[in-house]
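Here it is, the structure in full.
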Amino acid sequence: MATITGDTGHAVNVGNYNSLVVILKNAGGRYQPANPDHEVAELEKKAQPAMDAVTDVAGPEELYDQAVNDRKADFELLKPKTNNALGSFTNSKDVTPDEKARATTKAKLIKGTNAKKKEKKEGEKSTPEKPQEITEKKHSVYQLSYVKRAANLSDFVSILENNSAYKPKDADAKPATLRAFHGKLVGHNSNVETAFQPYLDKLKDRDIKLYSATGIVNTALEIKDFVKKSDKFTKDEKKRIAAIKFRKPAKSRLHF
């Protein structure tokens, strides 16, 4: 397998690991590592499990992304639905000023999560953003944010439900309609949480096999250093091995 450079992908690391193993195997008896875990036979045992760990992420990731997208689609309706109901509530004849004020205060807590996009300056080149895998910490922050927004909606609906004078003609502004919508949002939050755990498990398995102390990347880097100091390899072999690059994610992006 040809050595791949210029990419930081996990599969690229596995491909480059395989390329290193091929060179070591072709060196035959000239490759004499002091560490038994660095013997060619041991290195070969790690190759396929590492690639499997990389490819196994895709399925759970797709399910998680779909759950996140489904949630986002409905949560984008949260603010306009709340504003619509607030308009009907504050326009109602027999709702007291205090009740209107409480509903308005609660409605203000229901906010969107999308940050404003930075405007591109004239002549500035646009570069597509590379999507990053979700970390456990960021997932928890996002999840808490959505849970709080759903809880604020529930409190807002309770204010409407507890006022017998509130009888809007607009079906979308009725408490029962908004309560059903709240249930839908809670369901979305639950689906995202459920989908995250198997995704996280696969991310952890991949990162352990690739980036832990005994993972293929650290092993490869140790071998590269060993070969560099060895007098058993030709200049061409050393040059080819030195050219094989490995990239580790930042510690904050690892999942173990």
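Reckoned from all heavy atoms, side chains included, excluding hydrogens, waters and symmetry mates.
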Q: With sequence neighbours left out, write down each residue that passes side chain to side chain donor-acceptor pair (under 3.5 Å) with Glu42, or none if nothing qualifies.
A: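 With neighbours one apart ignored, the set is Lys45.
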Q.
Once ring pair (Phe, Tyr, Trp, His ring centres under 6.0 Å) is applied, do any residues pair with Tyr199, and if so which ones, sequence neighbours excluded?
A.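 Listed in chain order: Tyr64.
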Expected list for residues 52-60: side-chain donor-acceptor pairs under 3.5 angstrom, two or more places apart:
{"residue": "Asp52", "atom": "OD1", "partner": "Gln48", "partner atom": "NE2", "Å": "2.9"}
{"residue": "Thr55", "atom": "OG1", "partner": "Met51", "partner atom": "O", "Å": "3.2"}
{"residue": "Thr55", "atom": "OG1", "partner": "Asp52", "partner atom": "O", "Å": "3.1"}

**Q.** Salt bridge flag under 4.0 Å for residues Glu133 and Lys138
**A.**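 Salt bridge: no.
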Q | Under the side chain to side chain contact (heavy atoms under 4.5 Å, CB included) test, residues paired with Ala220 that sit two or more places apart | A |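 In terms of side chain to side chain contact (heavy atoms under 4.5 Å, CB included), with neighbours along the sequence ignored, Ala220 is linked to Tyr17, Leu20, Phe246.
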**Q.** Any pair counted as side chain to side chain donor-acceptor pair (under 3.5 Å), so long as it reaches residues 165-177, sequence neighbours left out
**A.**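 Only Asn84-Asp170 qualify under side chain to side chain donor-acceptor pair (under 3.5 Å).
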Q: Go through the structure and list residues passing side chain to side chain donor-acceptor pair (under 3.5 Å) with Lys204, not counting sequence neighbours.
A: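 With sequence neighbours excluded, Lys204 shows a side chain to side chain donor-acceptor pair (under 3.5 Å) to no residue whatsoever.
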Q: With sequence neighbours excluded, tell me which residues meet side chain to side chain donor-acceptor pair (under 3.5 Å) with Lys224.
A: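 Counting only residues at least two positions away or on another chain, Lys224 forms no side chain to side chain donor-acceptor pair (under 3.5 Å).
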Q: Tell me, please, which residues at least two apart from Asp65 pass side chain to side chain donor-acceptor pair (under 3.5 Å).
A: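 For Asp65 there are no side chain to side chain donor-acceptor pair (under 3.5 Å) partners, ignoring immediate neighbours.
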Q. Can Glu193 and Asn189 be counted as having a side-chain donor-acceptor contact under 3.5 angstrom?
A.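 There is no such pair between these side chains.
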Q.
Test of understanding: with side chain to side chain contact (heavy atoms under 4.5 Å, CB included), list the residues that count as partners of Asn162, not counting sequence neighbours.
A.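 So Asn162 forms a side chain to side chain contact (heavy atoms under 4.5 Å, CB included) with Ser158.
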Q. Can you pull the salt bridge (Lys or Arg N to Asp or Glu O under 4.0 Å) pairs that have at least one residue in residues 10-24, sequence neighbours excluded?
A.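 Salt bridge (Lys or Arg N to Asp or Glu O under 4.0 Å) check on residues 10-24 returns no pairs.
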Q: Sort and list the pairs that fulfil side chain to side chain donor-acceptor pair (under 3.5 Å) and have at least one residue in residues 25-34, not counting sequence neighbours.
A: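 Listed once each, the pairs are Lys25-Glu44, Arg30-Glu237.
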Q) Taking atom types as modelled and ignoring hydrogens, do the side chains of His188 and Asp74 form a donor-acceptor contact shorter than 3.5 angstrom? A)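 Asp74 and His188 do have a side-chain donor-acceptor pair below 3.5 Å.
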Q. Side chains of Gln143 and Arg71: is there a donor and an acceptor less than 3.5 Å apart?
A.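 Result is yes, a qualifying pair exists.
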Q.
According to side chain to side chain contact (heavy atoms under 4.5 Å, CB included), who are the partners of Thr194, at least two apart in sequence or on a separate chain?
A.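 Expected list: Ser190.
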